[in-house]
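These values consider heavy atoms only, across backbone and side chains, with no hydrogens, waters or symmetry-generated copies. Residue indices begin at 1 and follow the sequence shown.
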Amino acid sequence: MSIKIIKPGLFTTVQDEGRKGYMNLGFSEAGALDKFSYLIAKHLIGNEGPSLEYTIVGPSIQFLSDNSFTITGGQFNAKLNGNPIQTQVIYEVHQGDILEIGNAIKGARGYITFGQPLDIPKVANSYATHTRSKMGGFKGRALKKDDVIDTVSLPKYKKYVGQAAEINLNYEDNVIHIVEGPQIETFSEEAKAKLVENEFIISDMSDRMGFRLKGESIPPEESADIISEPVALGSIQVPNDGNPIVLLNDKQTVGGYTKIATVTQLGLNKLVQLQPGEAVQFKWISIEDAINESATFNEQFEDELSNIQKQPLYELSMLRQTSKKLANLLKGDI
C-alpha cells in the first residue's frame with residue numbers, strides 16, 4: 001500500500017507536531033508551521049500518523065491503494081479526480097484515484113493527512129522533516145516527482161469518511177501580536193515605534209527557517225552582534241542591516257543577533273499563513289495579556305477538537321454519494 005507523488009508542489013515535506021526536547025543537543029524542533037491546522041486534521045482522521053505540509057502550490061498524488069484523507073490549512077484549488085473538494089472533510093479514495101492540490105487561493109500552507117497513514121520511521125520521537133540536517137520525514141528532504149511512499153494498514157480507515165469540521169482559525173487580518181525581546185534595551189525608542197507603526201513585507205527569501213521582512217530599517221543603537229544564546233520560536237532577530245527576521249520552526253537553536261521582540265503563539269500561526277509579498281502589521285502586547293490570550297484560545301480550540309467526535313458534522317455531498325450507493329445495492333444495480 002502506498003501513494004505516488006506525481007507533482008511535488010512547493011516544498012512539500014512530512015511533518016507532525018515537531019521534535020520536542022532535543023534543542024539542548026542542537027536539533028531544531030521542525031514540525032508543522034500551522035500547528036492548529038495540523039491538529040484539526042489529526043483529530044478528524046483519527047490516527048497518530050504524520051501529514052504532508054505544502055506551501056503556496058500543493059502536490060498531485062496518485063493513490064496506489066485504497067485510503068482516505070483530509071486536507072486542512074489554507075484554502076487551495078484542490079480536486080479529487082477532477083472534482084473540487086473542501087477542507088476539513090474526510091474523503092474516501094480508491095486505487096488509481098488522483099488528488100491534485102493546486103495553487104493557494106487564501107493562505108499559504110496546507111496539510112494532507114491520511115486514514116491509512118504514511119509509513120515513515122520516527123527519528124528522535126518525531127516524523128518531522130528538517131531538511132537542513134537531512135533529518136526525519138521521507139529521506140530527510142522535500143518530496144520529489146515519482147517518490148513512492150508506503151502507507152500503514154489500518155482496517156478502520158473508512159470509519160470517519162464524510163465527517164467534517166468547521167473550525168475557523170481566524171486568519172482574517174495581518175495584525176501580529178509581539179512581546180518585548182531579550183535585547184529590546186539595545187534599540188532606540190524610535191526603532192521600537194517603527195516596528196509597530198509601519199507595515200513590513202514578507203520577502204521571497206523567506207522559508208521554514210525564518211521570515212525575512214522588508215520595510216523600515218530598525219537596527220540596534222550599537223552592534224547587532226551578541227554572544228550566541230538560545231533563541232525562541234518566533235524571535236525577531238535584527239542584524240546590523242536593520243531588516244527583521246522572524247525565526248520559525250526550522251530555525252537554529254542558538255543565535256548571535258539582537259532580538260527586539262518575540263511573536264506570540266497565536267501570532268505565529270497567523271503569520272505562517274501569509275505569503276511572500278504580503279504585509280505584516282506588528283502590535284505590542286504584554287506577556288500577561290499574551291498568556292491570557294493564548295490560554296483562552298487553547299481552551300476553546302480543545303473544546304472544538306473534542307466536539308469533532310462528540311458532536312460530529314458530515315458533508316452532505318458525501319452522505320448523498322453513500323445513500324446513492326446503498327439505493328443501488330438495494331436495487332441490485334451494484
Side-chain angles (χ1 to χ4, degrees), residues 5 7-35 37-38 49-59 73-74 108-112 118 120-147 149 181 202-214 224-241 243-259 262-263 265 268-269 271-276:
I5 305 302
K7 297 179 181 178
L10 183 58
F11 209 80
T12 301
T13 56
V14 176
Q15 299 294 344
D16 58 10
E17 290 185 70
R19 191 164 283 106
K20 311 294 184 182
Y22 293 90
M23 286 187 64
N24 63 316
L25 300 177
F27 294 112
S28 168
E29 286 192 2
L33 291 183
D34 183 349
K35 182 182 73 171
S37 290
Y38 166 79
S51 296
L52 293 181
E53 178 188 88
Y54 45 92
T55 305
I56 302 177
V57 179
R109 287 175 172 80
Y111 299 85
I112 311 171
L118 302 178
I120 300 290
K122 283 188 174 182
V123 178
N125 296 320
S126 175
Y127 300 112
T129 310
H130 186 255
T131 56
R132 281 179 170 78
S133 61
K134 299 181 180 180
M135 184 177 189
F138 184 74
K139 301 182 179 180
R141 59 167 170 80
L143 300 188
K144 298 179 181 179
K145 183 179 183 296
D146 294 331
D147 280 342
I149 308 175
I202 299 172
S203 165
D204 57 8
M205 298 296 290
S206 301
D207 56 21
R208 282 182 48 92
M209 187 173 182
F211 273 15
R212 295 178 178 272
L213 306 179
K214 298 184 293 185
D225 298 318
I226 61 172
I227 297 174
S228 291
E229 63 180 20
V231 291
L233 182 63
S235 288
I236 302 180
Q237 285 187 337
V238 185
N240 286 312
D241 65 8
N243 295 313
I245 304 169
V246 183
L247 300 183
L248 300 178
N249 297 45
D250 286 4
K251 63 178 176 58
Q252 70 276 24
T253 57
V254 296
Y257 288 134
T258 48
K259 295 171 286 296
T262 303
V263 177
Q265 176 197 32
L268 276 173
N269 266 79
L271 180 66
V272 299
Q273 286 294 357
L274 296 175
Q275 298 186 19

Is there a side-chain contact between [X] and [Y] (heavy atoms, below 4.5 Å)?
X      : Y      : answer
Thr13  : Leu52  : no
Leu247 : Leu233 : no
Val231 : Gln237 : yes
Asn240 : Asp225 : yes
Val238 : Asn243 : no
Lys7   : Pro59  : no
Ile226 : Tyr257 : no
Leu248 : Leu33  : yes

Is it true that, when you exclude Phe11 itself, more than 12 heavy atoms of the residues, nucleotides or ligands shown sit nearer than 6.0 Å to its CZ?
yes
Between [X] and [Y], what is the shortest heavy-atom contact and its length?
X      : Y      : answer
Asp16  : Ser126 : OD1-OG, 2.8 Å
Ala128 : Gly31  : CB-N, 3.6 Å
Pro244 : Ile236 : CB-CG2, 3.7 Å
Tyr38  : Tyr111 : N-CD1, 4.4 Å
Ala108 : Leu274 : CB-O, 3.7 Å

Would you mind checking if Glu17 and Lys35 are paired as a salt bridge, meaning a charged N to carboxylate O distance below 4.0 Å?
no
Taking 4.0 angstrom as the limit, do Glu53 and Arg208 come out as a salt bridge?
yes
What residues, two or more places apart in sequence or in another chain, satisfy side chain to side chain contact (heavy atoms under 4.5 Å, CB included) together with Arg141?
Phe138, Lys139, Lys144, Asp147
When rounded to the nearest 0.5 angstrom, what is the spacing between [atom1] in [X] and [atom2] in [Y]?
X      : Y      : atom1 : atom2 : answer
Ser206 : Phe211 : OG    : CZ    : 5.5 Å
Arg19  : Leu25  : CZ    : CG    : 12.0 Å
Leu143 : Ile5   : CG    : CD1   : 5.0 Å

Can you spot which of Arg132, Arg212, Lys251, Arg109 makes a salt bridge (charged side-chain N to carboxylate O under 4.0 Å, His left out) with Asp207?
Arg132
Looking at [X] and [Y], would you say the former's side chain and the latter's main chain have a donor-acceptor pair under 3.5 Å?
X     : Y     : result
Ser28 : Met23 : no
Ser37 : Asp34 : no
Thr12 : Pro8  : yes
Gln15 : Ala30 : no

Show, in sequence, the C-alpha distance, side-chain angles and deciding distance for Ile112 and Tyr54, and conclude whether the side chain to side chain contact (heavy atoms under 4.5 Å, CB included) test is met.
CA-CA 8 Å; Ile112 311 171; Tyr54 45 92; 3.4 Å; yes
Donor + acceptor pair across side chains of Tyr22, Asn125 (<3.5 Å)
yes
Residue pairs passing the side chain to side chain donor-acceptor pair (under 3.5 Å) test with at least one member in residues 226-236, sequence neighbours excluded, are Gln183-Glu229, Glu229-Lys259
Apply side chain to side chain contact (heavy atoms under 4.5 Å, CB included) to the pair Asn249 and Glu29, showing each step before the final yes or no.
CA-CA 6 Å; Asn249 297 45; Glu29 286 192 2; 5.9 Å; no
